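See below for the structure under consideration.
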Amino acid sequence: MSEENAKKQQLSQAFYSQTVDAVFEELGSQPEGLSDSEAKSRLTQYGANELEEGKKKSMLQKFLEQFKDLMILVLIAAAAISAMVPNAEGHREWVDAIIILAVVIINAVMGVIQEAKAEQAIEALREMSTPNANVLRNGHSVTVSSTELVPGDIVLLEAGDVVPADMRLIEASSLKIEEAALTGESVPVEKELTVLEGKDIGIGDRINMAYSNSNVTYGRGKGIVVNTGMNTEVGKIAGMLANADETETPLKRNLNQLGKFLTAAILIIAVIMFFVGTVLNGRDWVEMLLTSISLAVAAIPEGLPAIVTIILALGTQVMAKRNAMIRKLPAVETLGATDIIASDKTGTLTLNQMTVEKLYFDDHQYAASDDISMDNMALKIMNFANDTRIGQEGNLMGDPTETALVQFGRDKGFDVRQEEPKEPRVADLPFDSDRKLMSTIHKLADGRFLVAVKGAPDVLLGRTKEVLLNGKVLPMTAAEQEKVLSNNKDMAKQALRVLGMAYKYIDSVPEKLVSEELENDLIFAGLVGMIDPERAEAAGAVKVAKEAGIRPIMITGDHRDTAEAIAGRLGIIKPGDDAAVLTGAELNQMSDADLAQNISKYSVYARVSPEHKVRIVKAWQQEGKVVAMTGDGVNDAPSLKQADIGVGMGITGTEVSKGASDMVLADDNFATIVVAVEEGRKVFSNIQKAIQYLMAANLGEVLTLFIATLLGWDTLLPIHLLWINLVTDTFPAIALGMEPAEKDLMAHKPRGKNSNFFSGGVMSSIIYQGILEAAAVLFVYWSALQWPAHTAANMPGLDATGLYDLQHADALTMAFATLGLMQLFHAFNVKSVHQSLFKVGAFRNKAFNWAILLSFVLMMGIIVIPGLNDIFKVTHLDWYQWGIVVGASFAIIPVVEIVKAIQRAMGKE
């Protein structure tokens, strides 16, 4: 550790387990705050209260790192060979070299752009710190930049403030702090000064602490700064984010495998060609070396990286229309391999909106959707004993629990803006976390006053002596109390947050409001149960995911009971399956090895911290699973980066979580993830189709040249191969990337982490289809020489050499036309690896239809247009020759259909 870093190390004790006096002593501070000189000294000792930027890579470093992939290196080598080594005719293939290098450079530039976007995550963290803070210095309240805060400073907090550093609270007056970005818990935490027992208490349960970047939603307080900068909880997350391992995407892994395969295949082809030509046929070794190298270069599908990039880009456009915004192109394909969708609860599976779900009054429990009169006393109290602020446009502001009650009142016809002026509030006793109640006093038309009380049911019940039943006020008996407690327990089991309502009438407002007097001898009116409800479409999406072999799991900072209830309602676990739930405290007792061994037992992880989320993702990855992780808070950023695909929330998500994500949901909806997985599967399938098409074509070309060389034939010129690769390969391959999804796409299990582009029968298809293409071309070339259109009979006056030149030119043209046309026909075959062309639909894809037509026109144009055929060294063919070409080219469709039928009959789908 450097001397500078050692100087900046800060205390990391469990301040929540210490008394306020002990914390003051530990930090060498006092209630009046630090002196200016002491604060300055500590700023030098501990460093500024800001997040470290970290060492950045230069643009050149980022650019050079894009050339590490084996496939890219193979292409660069191919470009160098094309440019430097003359072909059999003594020409260097500059066009090939330029095309290959252009593709490589475009891919590198796109990679740099994507990496630059990813670095925005830590930048967003740095920008989150508040610009100013109110502190006590020399006993006076002053405003300073938050970067100047040091351990020992006394900070004043009010509603609306962002907490500027981690602090131990020393005063709290009705203080509530929303910590969702750190803990994932949707409801603001009521803060207390109580000393907590234990050394391993989760962040969400440290009720006497306030953490940097959380928001004060209610009340006011005062705290002593205990940690700043990188030593805050947010700072630790920033450190984890900076050090998180970059996971290798399945796409990158597959392209590397493809590169290795091509490298091996190319070397083998070159060696065999050289050996056969020199040793067996006795040809000049220099000539054979050049021929072998030329053939090897021809085997490389130089357009593949660009085609893959285009297919991914097209996939991002489709996803964007369905509310899934892709930040990193490989994420599109990674989605298709997803085994596990680890979702946050709040806002993704749920609405992130507290909502009244049940009520209890008149000895009955009612659903929120039931008819409830606006004259209902419980409805009136929940709206009167409420501090929700209402904007000019009717928007509700304040504590989510209280705004839910006001919204429920609106839904039932009770508009507090119209009703309260009739019985105006004249006094109130604010909520206090010790007594867990709040009361408001309203003046009635008859001169009396209504005391409306809302609070914790068990506390409230102890202060009631009567109960309102069916419009009558009756004594609160033990049996009636038991009914209330039983219904309270029942609602709590369903993970509802339950509040009780009570009231009484008084003749005058006391000069001094005291809880023991004002909030006693009450009349019980009812209970209300609230929850952040699941999204209506989430359960359906969970079902679709399970049917697709994907396991949805919930990772949340919320309480165990709440998480279990929501997961049960959504179908993630069976309702009441407690064994499928693991808490952060339980996770702390498990080693990484134990967690990895038992990870599959759990589908819900509750009350977890940022470190826990990363451990959970890693444990699933060790099981060989491809993990998609959703999140919206700062606390989610490390796990989003660790996951194979991080999914941020576009609406509620922090810039940090979005920056660390590969994909952002524009609608924060779990169902959109399942839609994106389907699109990801389609993209992978379409990339497979493009690769199958390209590799079969290249194999056909290589085999044609290889066998022709062995036989001493001269079938295809370099310019022919280049034109076919540019025209008949590129456009149909790109169009295959726009194929619609096959109907049973989501009926299959995930393909697995170890699958590649050659899985699922693609490799065997490439081999036999490449052989078919080569066989057809060689047959056409041979037949053209055996039964030539130009003969001594119809070409009198030509000597034998001139006649052979004409016959060979025709054969060369027919071989070229057959190879080009057959590849266009074959493009229809690869619309599905195993399914019949007539089942998937030959002409469903309009882009494909146009691509085939364009390629056909370009292919035929150089044969039939005068002038062009001279450039490409081809001849005009007669109808007999065209018949052979078209017949041989089209034959690949029925042959492949027969093979597919046999494969389906053998169960190899």
Side-chain angles (χ1 to χ4, degrees), residues 159-160 174 176 186-188 217-218 351-362 364-431 437-455 457 460 468 470-471 473 491 496-506 509 522-533 536:
S174 302
K176 293 184 182 182
S186 54
V187 178
T217 62
Y218 194 85
L351 294 171
N352 193 23
Q353 179 181 324
M354 290 299 288
T355 306
V356 172
E357 185 158 296
K358 291 194 174 177
L359 281 90
Y360 169 79
F361 58 88
D362 292 342
H364 287 91
Q365 202 173 115
Y366 298 89
S369 58
D370 292 341
D371 289 333
I372 297 170
S373 170
M374 65 171 288
D375 296 327
N376 183 282
M377 198 63 184
L379 186 67
K380 182 176 184 177
I381 294 166
M382 70 175 72
N383 279 270
F384 274 17
N386 196 308
D387 286 329
T388 295
R389 301 182 303 280
I390 304 176
Q392 291 182 349
E393 297 180 359
N395 54 307
L396 305 180
M397 298 170 286
D399 185 281
T401 300
E402 296 202 323
T403 58
L405 298 175
V406 172
Q407 184 59 51
F408 180 70
R410 282 180 173 180
D411 296 340
K412 298 303 176 185
F414 188 99
D415 190 335
V416 71
R417 289 178 298 179
Q418 297 175 7
E419 299 300 325
E420 190 169 358
K422 301 174 185 176
E423 299 174 354
R425 182 193 294 199
V426 294
D428 58 56
L429 198 57
F431 175 85
L437 298 171
M438 78 165 290
S439 300
T440 57
I441 303 174
H442 301 261
K443 186 174 183 179
L444 304 179
D446 61 6
R448 294 184 303 159
F449 295 89
L450 167 69
V451 179
V453 186
K454 175 177 101 271
L460 194 67
L468 180 65
N470 299 311
V473 177
M491 289 186 187
L496 301 182
R497 188 177 192 204
V498 187
L499 292 174
M501 276 78 64
Y503 70 101
K504 71 177 181 180
Y505 296 105
I506 56 177
V509 179
L522 302 172
I523 304 168
F524 181 80
L527 302 172
V528 59
M530 292 164 288
I531 197 169
D532 177 11

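Model, not experiment: these values are computed from the prediction. Along the sequence shown, residues carry numbers from 1.
Geometrically, K176 engages F431 in a cation-pi contact defined by less than 6.0 Å to the ring centre and at most 45° from the axis.
Residue E419 holds its CD atom at 9.0 Å from CG of N383, rounded to the nearest 0.5 Å. Between atom NE2 of residue H364 and atom CG of residue N470 there is a gap of 8.0 Å, rounded to the nearest 0.5 Å. For the atom pair I523 CD1 and K504 NZ, the distance stands at 9.5 Å (nearest 0.5 Å). Residue I390 holds its CD1 atom at 5.5 Å from CZ of R410, rounded to the nearest 0.5 Å. Atom CD of E402 sits about 5.5 Å away from atom CG of D399, to the nearest 0.5 Å. Here CG of D370 is found 9.0 Å from CG of L359. Values are rounded to the nearest 0.5 Å.
Evaluation of the side-chain hydrogen bond (donor to acceptor under 3.5 Å, both in side chains) rule for R425 yields D387, D428 as partners, not counting sequence neighbours. With sequence neighbours left out, F361 forms a ring-ring contact (aromatic ring centres under 6.0 Å, His included) with Y366.
Taking all atoms of both residues into account, the shortest heavy-atom contact from N386 to T440 is N-CG2, 4.4 Å. Residues P533 and T355 share a closest heavy-atom pair of CD-OG1, 3.5 Å. Minimum heavy-atom separation, A367 to I372: O-CD1, 4.3 Å. Contact record, P430 with S174: CB-OG, 4.1 Å, taken as the closest heavy-atom pair. A pairwise comparison of heavy atoms in G455 and L437 identifies CA-CD2, 3.7 Å as the closest pair. Taking both residues in full, the closest heavy atoms of D362 and L468 are given as OD1-O, 3.6 Å, listed atom of the first, atom of the second, then distance.
With a 4.5 Å cut-off on side-chain heavy atoms, M377 and M501 do not count as touching. Put simply, the side chain of Y505 reaches to within 4.5 Å of the side chain of L450, judged on heavy atoms. Side chains of V356 and L405 form a contact here, defined as non-hydrogen atoms less than 4.5 Å apart.
Among the candidates K380, K443, R448, the single residue satisfying the salt bridge (Lys or Arg N to Asp or Glu O under 4.0 Å) test with E423 is K380. A side-chain contact (heavy atoms from CB on, under 4.5 Å) with M530 holds for exactly one of L499, V498, L496; it is L499.
Within the structure, every pair that satisfies the ring pair (Phe, Tyr, Trp, His ring centres under 6.0 Å) test and touches residues 382-406, not counting sequence neighbours, is listed here: F384-H442.
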Going through the checks in order, is the side-chain contact (heavy atoms from CB on, under 4.5 Å) test met by M438 and K454?
CA-CA 6 Å; M438 78 165 290; K454 175 177 101 271; 3.3 Å; yes
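Judged purely by atom type and a 3.5 angstrom limit, D532 uses its side chain to pair as donor or acceptor with the backbone of Q353.
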